[in-house]
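Each chain gets a letter, A, B and so on, in the order its sequence line appears, and its residues count up from 1.
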Amino acid sequence: MDWADELAASVSGPQVVNDSKTPSGTVHVGSLRGPVVHDAIWRALRDRGTPARFLYGVDDLDAMDAASLLTPDAVDRYMGVPLADVPAPPGSDAPNYARHFVGQLFFPTFERLGIRPEFYWMSEVYRSGALDVLIRRALDRADVVRDIYRRVSRVEKPSGWLPIQPICENCGRVGTTIATDWDGETVRYQCLPDLVKWATGCGHNGRLSPFGGRAALPWNLDWAAKWSHFGITIEGCGKDLATAGGSRDRSDAIARDVFEREPPSNVAYEFLNVGGRKMSTSRGTGAAAHTIAEVVPPEQLRFLFLRPRPNQAIEFNPDGTDAIPRLFDEFDRIADATAGREVRGELPPHPERLFELSLVDPDADVPAEAAAFRPAFGHLSLLVQVPGVDVAEQMAAEKGSPLTAAEQTLLAGRIAAVRRWLETYAPESARYAVMDDLPAEAARLGEDQRLFLGALALRVDEGTPHAGAEWQAAIFAVATSAGLPAGRAFGALYLAFLGRTNGPRAGWLLASLDPGFVARRLREAAGWRPAEAVPAGDGR
RNA sequence: GGGCCGUUAGCUCAGCGGUAGAGCCGCCGACUUUUAAUCGGCUGGUCCCGGGUUCGAAUCCCGGACGGCCCUCCA
């Protein structure tokens, strides 16, 4: 967890950390890396006493470019219109689409993760006139801008092209306009039907003053303008932007050569890949992203992003794997190390720091948090599947003392996460189900185990145990008198009822089933003969 | 063609200049009640390849191979 602190140590003077996002599309889990990384940097600065602000910009003057987010009849009307000017979806009381989206997704998600930047809205910044001086400079130096595009990215802009996107006075679109002829006060612009594929301009021609929110700067200039306007000193970006000759290089050059200001320190961060592929809503690989945030609680989610260095890609493939349980286990291991408990394996450089920055509350009592009792995810996942088990009581017993209020909250959160996991990503091997018919796997029962099952059936005939503990005692008693090790006895029960060799606590499992069913299954399994089992392959 | 990242035990990964590590899996053993329990032990690795720097390299440098994502538009 050195990287954030190293960065914080390498700067001097007051700092302004910034991140921003266009409020459209789906926020998949991977796109939370930026906010988490910037939050960690801000916390690192704060913790070493550096005066620092943490800003988050909502680029709501950007054009709506995702038809899938609009009702069909609204597509023609609003594609290409600034998000701040698109109406909120039906049923929302937000004043516009951007506000609706941010209110629905950004605010709750950020809050959940303990990320609390100062939000600003670019539509307001533009409309306040605060950027006018920068817009003027960009237009005055349009040739420099064109040269930067050419030099840095080998992109040739049409002659006469100006770095400004007027908002069409006729149709309100910003994504379809092109401007020329800057006379020092106004530009001439055209709203073109075929400038971009995804939106259709109205064909309007006109002149306007590009100030006061009547026009927006194109992406790379907009970025650099923010740096100047807010005095931003640190801003990372995804590696797609940080590629050589890419967006970041262009914006850096614009900051230096047009706005005459050194660009902020960059932290290029890698993507989060699912199954070796970039998360992508359009390709469906990120479809489960929303669920990931529901299954992985905020601390573990922060941990997921903070554990590796920003420039390392994160491979996270929760579907049908033990990735989520392992994430919890690793988090718990770091918590243990922080609490001073002995842990196995290698530890990252400053485990206690990693743990601290993973906590939602930046002012949390770290030693107390680290010392809290954290039941293992995998263990809970089985307990939760046993009907009638009081998990909280069980955990108190395992801990050896009553759970504190904080531990109870933690437990409740984990149980919820476990349940969601079992419903969504968990591999079949993590789930258990009592088979309606004798499982084929019962063929693997040994003679000693069948004898045990038969003996247990006889024991049940004398009186069905009532509760889990009573069942558990009966199982042990019968196993002992049959001279069978407990492990073989339990294994027999799991094979007979679940078709697998392990499972949740057997006593409680049997107690939850119909006594008649249990008795029948015991006899059936006891009488099972290998010869009647699964046909022995094709012999070849 | 360019950028970044990765390549370490069967699997997932840590270690990132000083005698190869963890978890899971597998195997052996202990355990009469936390049974995916827990605890011991074992098996298992030319640390992608080739050069170089160094007393010493998985770790640094150069070159290469393979894999992933990105570099067009939009933001």
* Structure fact -> A/E330 atom CD is separated from B/A14 atom C1', nearest whole Å, by 8 Å
* To do: Find the distance A/I324:CD1 to B/U12:C1' and express it as a whole number of Å.
  => 15 Å
* Quickly work out the A/R151 CZ to B/G2 P distance and round it to whole Å. => 21 Å
* **Interatomic distance, A/R307 CZ vs B/A14 C1' [rounded to whole Å]** => 6 Å
* Asked: Closest nucleotide of RNA chain B for A/A244 versus for A/A477: which of these residues is on the 5' side?
  -> A/A244
* Over how many whole Å does the gap from A/L354 atom CG to B/A14 atom C1' extend? -> 13 Å
* Asked: Tell me, for nucleotides 60-66 of chain B in 5' to 3' order, what letter each nucleotide earns: B for a base near a protein heavy atom under 4.0 Å, S for only sugar-phosphate near one, - for neither?
  -> -------
* Given atom CD of A/E270 and atom P of B/G3, what is their separation to the nearest angstrom? -> 15 Å
* **Pairing stems for RNA chain B [at least three consecutive pairs; Watson-Crick or G-U; under 3.5 angstrom]** => B:1-7 with B:65-71, B:10-13 with B:21-24, B:26-30 with B:38-42, B:48-52 with B:60-64
* B/U12 P sits how many Å from A/L327 CG, rounded? -> 17 Å
* Write down the distance separating the P atoms in B/C70 and B/C62, rounded off to the nearest Å. => 26 Å
* Quickly work out the A/R248 CZ to B/C71 C1' distance and round it to whole Å. => 16 Å
* Got a sec, which residues hit side chain to side chain donor-acceptor pair (under 3.5 Å) with A/Q408, two or more places apart in sequence or on another chain? -> none
* Taking atom types as modelled and ignoring hydrogens, do the side chains of A/Y126 and A/D60 form a donor-acceptor contact shorter than 3.5 angstrom? -> no
* **side chain to side chain donor-acceptor pair (under 3.5 Å) against A/K239, all qualifying residues, sequence neighbours excluded** => A/E270
* **Whole-Å P distance, B/C28 and B/A9** => 25 Å
* Structure fact -> Sorted by chain and number, sequence neighbours left out, ring-ring contact (aromatic ring centres under 6.0 Å, His included) with A/W161 holds for A/Y149
* Asked: For atom C1', what is the distance between B/U7 and B/C48, given to the nearest Å?
  -> 6 Å
Could you run down the sub-3.5 Å N/O contacts of the protein with nucleotides 22-27 of chain B?
| residue | atom | partner | partner atom | Å |
| --- | --- | --- | --- | --- |
| B/G23 | OP1 | A/R344 | NE | 3.4 |
| B/G23 | OP1 | A/R344 | NH1 | 2.5 |

* Asked: Aromatic rings A/W227 and A/W223: how do their planes relate, parallel, tilted or perpendicular, breaks at 30° and 60°?
  -> tilted
* Sticking with atom C1', work out how far B/G44 lies from B/G23, rounded to a whole angstrom. => 15 Å
* Which part of the nucleic acid, if any, lies within reach of A/Q312 when heavy atoms closer than 4.0 Å are counted: base, sugar-phosphate only, or nothing? -> sugar-phosphate
* What interatomic distance, in whole Å, is found between C1' of B/A14 and the corresponding atom of B/C49? -> 23 Å
* Quantified in whole Å, what is the P atom distance between nucleotide B/C61 and nucleotide B/U53? -> 15 Å
* So does A/R420 pair up with A/E423, basic N to acidic O under 4.0 Å? -> yes
* To do: Salt-bridge test for A/E299 and A/R302: reply yes if a basic N is under 4.0 Å from a carboxylate O, no otherwise.
  => no
* **Polar side chain donor-acceptor pair, A/R250 to A/S247, under 3.5 angstrom** => yes
* A/N311 side-chain N/O to B/C5 phosphate OP1/OP2 under 4.0 Å -> yes
* B/U12 and B/G51: how far apart are their C1' atoms, nearest whole angstrom? -> 32 Å
* Results of ring-ring contact (aromatic ring centres under 6.0 Å, His included) for A/F328 - residues two or more places apart only -> A/F377
* Atom P, compared across B/A22 and B/G40: separation rounded to whole Å -> 12 Å
Scan nucleotides 73-75 of chain B against the protein and return all N/O pairs shorter than 3.5 Å with their distances rounded to 0.1 Å.
| residue | atom | partner | partner atom | Å |
| --- | --- | --- | --- | --- |
| B/A75 | OP1 | A/Q165 | OE1 | 2.9 |
| B/A75 | O3' | A/D62 | OD1 | 2.8 |
| B/A75 | O3' | A/D62 | OD2 | 2.5 |
| B/A75 | O2' | A/T22 | OG1 | 2.3 |
| B/A75 | O2' | A/D62 | OD2 | 2.7 |
| B/A75 | N6 | A/W219 | NE1 | 3.4 |
| B/A75 | N6 | A/S247 | OG | 3.2 |

* **ring-ring contact (aromatic ring centres under 6.0 Å, His included) partners of A/Y189, counting only residues at least two apart** => A/H204
* To do: Not counting sequence neighbours, which residues clear salt bridge (charged side-chain N to carboxylate O under 4.0 Å, His left out) with A/R77? List them please.
  => none
* State plainly whether the residues A/D59 and A/K21 are in salt-bridge range, i.e. N to O under 4.0 Å. => no
* Taking only residues two or more places apart in sequence or in another chain, which ones pass side chain to side chain contact (heavy atoms under 4.5 Å, CB included) with A/D448? -> A/L484, A/R488
* Asked: With nearest nucleotides of RNA chain B determined for A/G491 and A/A242 from heavy-atom distances, which residue corresponds to the more 5′ nucleotide?
  -> A/A242
* Establish whether the base of B/C70 is bridged to the side chain of A/K239 by a donor-acceptor pair shorter than 3.5 Å. => no
Which pairs of donor and acceptor atoms, one on a side chain in residues 329-336 of chain A, lie under 3.5 Å apart (sequence neighbours left out)?
| residue | atom | partner | partner atom | Å |
| --- | --- | --- | --- | --- |
| A/E330 | OE1 | A/R333 | NE | 3.0 |
| A/E330 | OE2 | A/R307 | NE | 3.2 |
| A/E330 | OE2 | A/R307 | NH2 | 3.0 |
| A/E330 | OE2 | A/R333 | NH2 | 3.4 |
| A/D332 | OD1 | A/R414 | NH1 | 3.4 |
| A/D332 | OD1 | A/R414 | NH2 | 2.7 |
| A/D332 | OD2 | A/R414 | NH1 | 2.9 |
| A/R333 | NH1 | A/R344 | O | 2.3 |
| A/R333 | NH1 | A/E346 | O | 3.3 |
| A/R333 | NH2 | A/E346 | O | 2.7 |
| A/D336 | OD1 | A/R341 | NE | 2.9 |
| A/D336 | OD1 | A/R341 | NH2 | 2.8 |

* Asked: Which class fits the ring pair A/Y97 and A/F101: parallel under 30°, tilted 30 to 60°, perpendicular over 60°?
  -> parallel
